Amino acid sequence: MEIIIQKTPEDAAALTAKLIAYRLKKVPDMTLGLATGRTMEDVYAYLCRLHKEEKLDFSHCHTFNLDEYIGIPPGSLYSYRYYMNRHLFSKVNIPHENTHLLNGMADDFAGESQRYEKLIKACGGIDLQLLGIGNDGHIGFNEPLSSLRSRTREKALTPATIAQNAPLCGNNGDTMPHRALTMGVGTICDAREIILLATGTTKAEIIAKATEGPVTAMVTASALQLHPNCKIIVDEDAAQCLKEKEYYHWIFANEPEWEAFR
Ligand code: GLP
């Protein structure tokens with residue numbers, strides 16, 4: 001695992017977007033795992049800019065989103081399909097049929113989860129998975145105590161997650177779903193490369209727990225410590241509680257891999 005600390009949230013999002021763009025240019029038909037949430041909005045805005053100004057080409061890639069709310073139709077303002085169309089898909093040249101999300105309106109959630117796992121495999125597995133982090137340490141919607149080997153399935157959301165995400169769902173107890181379909185921790189960790197982006201002081205404590213604390217199902221993001229190719233990109237606010245900041249800065253300054261991005 002590598003931890004990269006950037007000055008501002010904008011810098012952290014820009015570095016994340018540049019890394020994605022770099023991989024996409026090298027392997028235009030790559031399979032990208034995508035995330036939602038406020039933190040990702042700047043990443044998608046940057047990618048859209050690269051598409052517009054530098055012709056970054058999305059026409060051959062496939063995308064798989066981490067999760068989707070149960071009971072929210074894809075056309076609803078609050079669905080993750082709507083979020084993705086709005087922030088990325090409608091602004092770049094990705095064919096609609098290459099963009100995959102779980103169907104939160106499916107009749108059979110176990111069947112829908114299996115379909116998704118099979119589709120990811122059929123696309124050759126995920127090359128690069130983008131992640132945010134919930135205030136309770138979730139990745140995707142893998143809430144505390146999710147098995148660290150879990151696969152795509154239905155999950156109940158915790159009160160903390162419902163409170164965190166309600167503003168994106170009209171801040172209304174009626175519109176904020178209590179259940180979701182999500183890739184499992186095991187599904188996420190099968191990705192060849194992972195980038196987790198977190199910004200702001202509200203993420204500081206959980207980032208320290210997930211990266212410098214023990215690997216535990218109580219903080220599912222801590223499973224990333226076992227991943228062979230995982231980068232955690234944070235701004236200074238989200239890095240506040242990290243004990244080994246100087247070491248992380250030193251690595252970033254000395255790793256040749258980062259030369260093109262410093
Ligand atoms: C939701 C998503 C997570 C995401 C989190 C962070 O809970 N299921 O995948 O990491 O939001 O949201 P934000 O960026 O708004 O803090």
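In what follows, residues are counted from 1 in the order of the sequence shown. Order of listing sets the numbers, starting from 1, for every ligand and every atom in it. Not measured: the values here are computed from a predicted model.
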Test item: I162 and H178 side chains (from C-beta on) under 4.5 Å apart, heavy atoms: yes
Residue, atom name and distance, where the atom is the protein heavy atom closest to atom 15 (O) of ligand 1: R38 N, 2.8 Å
Heavy-atom nearest neighbour in the protein, as seen from atom 1 (C) of ligand 1, with distance rounded to 0.1 Å: N165 ND2, 3.4 Å
Numbered atoms of ligand 1 (with element) below 4.0 Å of G132, judged on heavy atoms: 10 (O)
Within-shell test, G140 vs ligand 1, heavy atom, strictly < 4.0 Å: yes
Modelled atom types, side-chain donor and acceptor of H138 and T161, under 3.5 Å: yes
Residue and atom name of the nearest protein heavy atom (relative to atom 8 (N) of ligand 1), distance in Å to one decimal: D67 OD2, 2.7 Å
Protein heavy-atom partner closest to atom 6 (C) of ligand 1 - residue, atom, separation in Å: I133 O, 3.6 Å
Aromatic Y83 / basic R86 pairing, under 6.0 angstrom, 45° off normal: no
Nearest protein heavy atom with distance in Å, relative to atom 16 (O) of ligand 1: K203 NZ, 2.6 Å
Protein contact of atom 4 (C) of ligand 1 - nearest heavy atom, named by residue and atom, plus distance: T36 O, 3.8 Å
Numbering as shown, the atoms of ligand 1 that approach Y80 to under 4.0 Å (heavy-atom distance): 1 (C), 2 (C), 8 (N)
Shortest non-hydrogen contact from D11 toward K7: OD2-CB, 3.4 Å
Parallel, tilted or perpendicular: rings of Y69 and Y80 (30°, 60°): tilted
Between S76 and R81, a side-chain donor and acceptor under 3.5 Å: no
Polar side chain donor-acceptor pair, T187 to E117, under 3.5 angstrom: yes
Atom of Q240, atom of A204 and distance for their closest heavy-atom approach: CB-CB, 4.0 Å
Mode of M40 contact toward ligand 1 - side chain, backbone, both, neither (heavy atoms, under 4.0 Å): neither
Protein heavy atom at shortest distance from atom 12 (O) of ligand 1: Q164 NE2, 3.6 Å
Closest approach of any protein heavy atom to atom 5 (C) of ligand 1, naming residue and atom: H138 NE2, 4.0 Å
Expected output: side-chain N98 to main-chain C61 donor-acceptor under 3.5 Å: yes
Region of T39 engaging ligand 1 - heavy atom pairs below 4.0 Å: both
N/O separation below 3.5 Å, T161 to ligand 1: no
